[in-house]
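Each chain gets a letter, A, B and so on, in the order the sequences are listed, and its residues count up from 1.
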Amino acid sequence: MTLTDPVVNPAARHRMADMNLFSELHHLVIGSLNDMVAEGALPDGLDFANVAVEPPRDPAHGDMATNAAMVLAKPAGLKPRDIAAGLADKLAADPRIAVAEVAGPGFLNLRLEPAAWHRVVAAALTAGAGFGASRMGQGRKVNVEYVSANPTGPLHVGHTRGAVFGDALASLLDFAGYAVTREYYINDGGAQVDVLARSVYLRYLEALGQQVAFEDGTYPGDYLIPVGEALAEEVGARWVDQPESVWLAEIRDFATMKMMDMIRADLAVLGVEMDVFYSEKSLYGTGRIEEALSELEEQGLIYTGVLEPPKGKTPEDWEPREQTLFRSTAHGDDVDRPIRKSDGSWTYFAPDIAYHYDKIDRGFDELIDVFGADHGGYVKRMKAAVSALSNGRVPLDVKLCQLVKLYKNGAPFKMSKRAGTFVTLRDVVEQVGPDVTRFVMLTRKNDAPLDFDFDKVLEQSKDNPVFYVQYAHARVCSVLRKAAAAGIAVDDAGLAAQDLTGLAHEAEIALAKKIGEWPRLVEIAARHHEPHRVAFYLYELASELHALWNRGNDDPSLRFLQEDAPETSRTKIALIRATAVVISAGLGILGVTPVEEMR
RNA sequence: GGCCCCGUAGCUCAGUGGAUAGAGCAACCGCCUCCUAAGCGGUAGGUCGGAGGUUCGAAUCCUCCCGGGGUCGCCA
């Protein structure tokens with residue numbers, strides 16, 4: 001996926017209003033390069049796609065750096081430093097740029113005028129929660145499928161991570177300009193809901209006073225007791241001593257409905273709200289599965305055949321078997337995959353194909369599936385199916401969430417259904433709250449395992465990133481309250497209009513620069529489908545604020561409230577209020593509420 | 001054995017094809033008559049698992065190898 005398109009794009013002017021300094025300067029650089037082409041300083045027909053404007057790793061190299069000269073040197077047949085020098089002359093004429101100097105092998109380092117950073121602060125105050133929102137997605141329709149837990153019991157910790165990840169990713173994409181649908185696929189069509197029904201039947205008998213035994217192959221969980229009771233209340237004793245054929249279908253529907261009510265409530269506790277719950281069962285008997293498969297059949301991708309045994313390790317009960325197969329290898333999979341069981345019924349893969357076909361049919365431009373890491377082996381065949389069904393038009397990105405390891409006071413906390421130490425989503429949220437749960441779940445990349453310590457996540461110290469970020473926001477609010485009490489106006493509109501030329505100290509500019517990174521970070525995180533980047537950025541932003549705050553200890557002129565100097569105070573308050581605006585926006589994407597005080 | 005993910009400071013982890021690879025913890029040295037010290041500054045700590053390759057430039061892309069985890073035809 002490429003971010004933007006080239007060169008003289010009329011939309012470029014509008015992007016200026018986004019106040020993404022990086023993309024602004026990128027367009028400036030590209031424009032200058034075009035000028036150089038027009039003047040004959042560069043040959044025609046150069047590809048500027050790899051020209052980047054980025055913050056250098058070492059701040060000593062300035063505020064921005066571009067690799068333009070090094071990328072273009074070879075195709076242009078010129079020395080990188082010569083191109084850089086020519087480009088530097090052009091860029092130096094821009095009012096935002098204080099210094100443009102050639103460095104190293106041909107980097108062009110740019111130092112910006114403080115006013116450029118002041119504009120960032122004002123833009124944040126003006127845009128408020130919308131600061132950093134991007135048009136990158138151009139309204140493209142994205143479907144994010146997540147959680148999709150079997151409707152057979154309460155959500156557990158693993159689901160919690162997927163729920164938070166998927167939800168934050170959806171918010172991030174929304175913020176980046178996509179039209180997002182949050183979706184949950186209910187696996188209510190397979191054998192596991194029959195098991196659920198039998199388990200509920202036992203609880204039903206129990207509710208009617210019978211002694212029952214839970215054998216293997218049933219769910220013994222207490223959460224089914226009220227379901228059995230509710231069923232007994234509704235139908236009375238009429239299914240006692242009746243064969244399964246009489247009650248199975250009805251109890252299955254009843255139980256699935258109850259489970260989904262519970263799951264919805266669990267998600268609500270976490271603050272997750274789906275747009276669509278899509279039932280697997282609704283695909284059966286309606287021709288939807290057949291429709292999807294006939295689409296594949298027309299492409300010659302369905303055949304009857306015998307699979308080779310897995311290479312290396314052959315299962316003991318392996319025997320050659322003829323089955324209906326999907327030629328997923330034609331779309332990048334390693335082996336073809338069965339879509340029918342030997343009894344003629346569908347494998348789980350068949351309705352999944354139909355489900356994704358339906359998503360494509362609903363007009364989504366991109367699909368994202370969030371799965372647990374144990375579904376890794378499923379990725380290639382799903383991508384193959386989507387590729388085939390959409391003729392390669394719709395990309396599917398599958399994000400795998402690794403395990404969550406639980407700790408209590410530094411000691412591993414083993415989960416066991418039998419020992420009753422099964423930790424549910426609700427357990428976690430009730431113990432530490434939705435905000436902490438959500439933030440902590442995003443303090444690791446999705447494909448890295450996550451340690452979750454019930455005690456450490458509640459610790460109020462800088463070791464706890466949740467607290468650290470919240471504290472930064474609270475500190476700003478504290479200053480605003482004090483300022484208001486001193487009669488200083490601190491409304492955002494007024495602060496946005498404040499003259500900021502007084503913000504000149506390097507520690508103040510450093511904070512403004514961090515704020516300026518926000519729009520760029522949003523786009524990078526969205527492009528990678530990685531919401532954890534938002535959490536890490538917020539930590540860095542909070543760190544800049546805490547640093548500046550403490551500089552006030554040594555240097556009173558850096559304190560935000562300056563006695564008898566309300567204008568100076570307002571200037572400094574504009575900076576930290578802009579910081580709070582970004583923290584608030586970032587936390588909003590993560591689904592975390594910013595706190596105003598922490599006492 | 002095939003496929004997927006991971007391997008970066010003593011520990012836990014960030015890192016967008018860019019310059020001398022970062023943060024937190026732990027260790028050591030400092031900072032509160034002052035907006036929340038629930039915080040901040042500094043010192044020290046690295047063959048980015050290994051070897052090739054692509055590139056002007058690789059922790060990042062490709063190949064192979066080593067180590068850890070996941071997964072592997074009628075469970076979803």
Can you find a pair of side-chain heavy atoms, one from A:Phe439 and one from A:Asp435, that are under 4.5 Å apart?
-> no
With centres under 5.5 Å and planes under 30° as the test, does A:His375 stack with B:A76?
-> no
Whenever both distances are under 3.5 Å in a Watson-Crick or G-U wobble pair, mark it; put RNA chain B into dot-bracket that way, with [ ] for crossing pairs and | when the partner is on another strand.
-> (((((((..((((....[...)))).(((((.......))))).....(((((..]....))))))))))))....
Does A:His546 make a side-chain N or O approach to OP1 or OP2 of B:C35 shorter than 4.0 Å?
-> no
Gap in Å between the two P atoms, one belonging to B:C40 and one to B:A23, rounded = 13 Å
From B:U36, B:G41, B:C75, pick the nucleotide closest to the side chain of A:Tyr348?
-> B:C75
Ranking B:U36, B:C74, B:U71 by distance to the side chain of A:Lys482, first place goes to B:U36
Using atom P of each nucleotide, how far apart are B:U71 and B:U43 to the nearest Å?
-> 46 Å
Among B:U16, B:G73, B:A19, find the nucleotide with the atom closest to the side chain of A:Pro56.
-> B:A19
P atom, B:C6 versus B:A14: distance in rounded Å?
-> 10 Å
Is there side-chain contact between A:Gln323 and A:Thr304, with at least one heavy-atom pair below 4.5 Å?
-> no
So which protein N/O to nucleotides 55-57 of chain B N/O distances come out below 3.5 Å?
residue, atom, partner, partner atom, Å
B:C56, OP1, A:Lys74, NZ, 2.2
B:C56, OP2, A:Lys74, NZ, 3.3

Phosphate OP1/OP2 of B:A37: any A:Tyr468 side-chain N/O under 4.0 Å | no
I'd like a table of atom pairs between the protein and nucleotides 25-33 of chain B - only N or O on both sides, under 3.5 Å - with the distance next to each one.
residue, atom, partner, partner atom, Å
B:C25, OP1, A:Lys462, NZ, 2.9

Within residues 450-459 of chain A, find the residues that approach RNA chain B with a heavy atom at under 4.0 Å, and present them sorted by residue number.
-> none
Between B:C66 and B:A27 - C1' atom distance, rounded Å = 32 Å
Between B:G17 and B:U55 - C1' atom distance, rounded Å | 9 Å
Would you check if A:Phe107 stacks with the base of B:G18, given a 5.5 Å centroid limit and a 30° plane limit, both strict?
-> no
To the nearest Å, give me how far apart CZ (A:Phe349) and C1' (B:G73) are.
-> 13 Å
Using only side-chain N and O atoms of A:Arg57, determine if any of them is under 4.0 Å from OP1 or OP2 of B:U16.
-> no
Quick one: which of B:A19, B:G24, B:U16 gets closest to the side chain of A:Tyr539?
-> B:G24
Could you measure between the two C1' atoms, the one in B:C11 and the one in B:A26, and give it in whole Å?
-> 7 Å
side-chain contact (heavy atoms from CB on, under 4.5 Å) involving A:Pro56 - partner list, sequence neighbours excluded | A:His61, A:Ala65
Main-chain N/O of A:Ala565 paired to A:Ser569 side chain as donor or acceptor, under 3.5 Å = yes
Donor-acceptor pair present, A:Asn67 side chain and B:A19 base, under 3.5 Å = no
Salt bridge (Lys or Arg N to Asp or Glu O under 4.0 Å) pairs touching residues 183-195 of chain A, sequence neighbours excluded, are A:Glu183-A:Arg362, A:Asp194-A:Arg252
Using a cut-off of 4.0 Å between protein heavy atoms and nucleotide atoms, how would you tag nucleotides 2-9 of chain B 5' to 3' with B, S and -?
-> -SSSS---
Is the number of heavy atoms from other residues, nucleotides or ligands under 6.0 Å of A:Lys408 NZ greater than 12?
-> yes
5' priority, RNA chain B, between A:Val479 and A:Arg444 [closest heavy atom] | A:Arg444
For B:G15 and B:C61, measure between their P atoms and round to the nearest Å.
-> 12 Å
What does A:Pro320 touch in the nucleic acid at a heavy-atom separation under 4.0 angstrom: a base, only the sugar-phosphate, or nothing?
-> base
Report yes or no: is the cationic atom of A:Arg381 (NZ for Lys, CZ for Arg) under 6.0 Å from the centre of the six-membered ring of A:Phe326, at an angle within 45° of the ring normal?
-> no
Rounded to whole angstrom units, what separation is found between the CD atom of A:Glu506 and the C1' atom of B:G41?
-> 13 Å
Please table the atom pairs, donor to acceptor, closer than 3.5 Å between any side-chain atom in residues 147-154 of chain A and protein atoms at least two apart or in another chain.
residue, atom, partner, partner atom, Å
A:Ser148, OG, A:Glu145, OE2, 2.7
A:Ser148, OG, A:Tyr185, N, 3.0

Can you check whether A:His26 and A:Phe22 have ring centres sitting under 6.0 Å from each other?
-> no
Think A:Arg321 has a side-chain N or O under 4.0 angstrom from the OP1 or OP2 of B:G73?
-> no
Sticking with atom C1', work out how far B:C48 lies from B:G18, rounded to a whole angstrom.
-> 16 Å
Report the residues that fulfil ring pair (Phe, Tyr, Trp, His ring centres under 6.0 Å) with A:His159, sequence neighbours left out, ordered by chain and then residue number.
-> A:His156
Answer yes or no: side-chain N or O of A:Arg527 and base N or O of B:U16 forming a donor-acceptor pair under 3.5 Å.
-> no
Would you please confirm or rule out a distance under 4.0 Å between OP1 or OP2 of B:U36 and any side-chain N or O of A:Ser478?
-> yes
Tell me, which pairs form a salt bridge (Lys or Arg N to Asp or Glu O under 4.0 Å) where one or both residues lie in residues 328-347 of chain A, sequence neighbours left out?
-> A:Asp333-A:Arg337, A:Asp334-A:Lys380
Separation of A:Asn50 atom CG from B:U60 atom C1', in whole Å?
-> 15 Å
If you check the A:Trp318 side chain, which of B:U16, B:G73, B:U36 turns out closest?
-> B:G73
For A:Arg161 and A:Gln402, indicate whether the former's side chain and the latter's backbone hold a donor-acceptor pair under 3.5 Å.
-> yes
For A:Phe277, the ring pair (Phe, Tyr, Trp, His ring centres under 6.0 Å) test, sequence neighbours excluded, returns A:Tyr184
Enumerate the residue pairs fulfilling ring-ring contact (aromatic ring centres under 6.0 Å, His included) with a member in residues 445-472 of chain A, sequence neighbours excluded, ordered by first and then second residue.
-> A:Phe452-A:Phe454, A:Phe467-A:Tyr471, A:Tyr468-A:Tyr539, A:Tyr468-A:His546, A:Tyr471-A:His546
Side chain of A:Gln192 only, please: which of B:G41, B:A76, B:U36 is the nearest?
-> B:A76
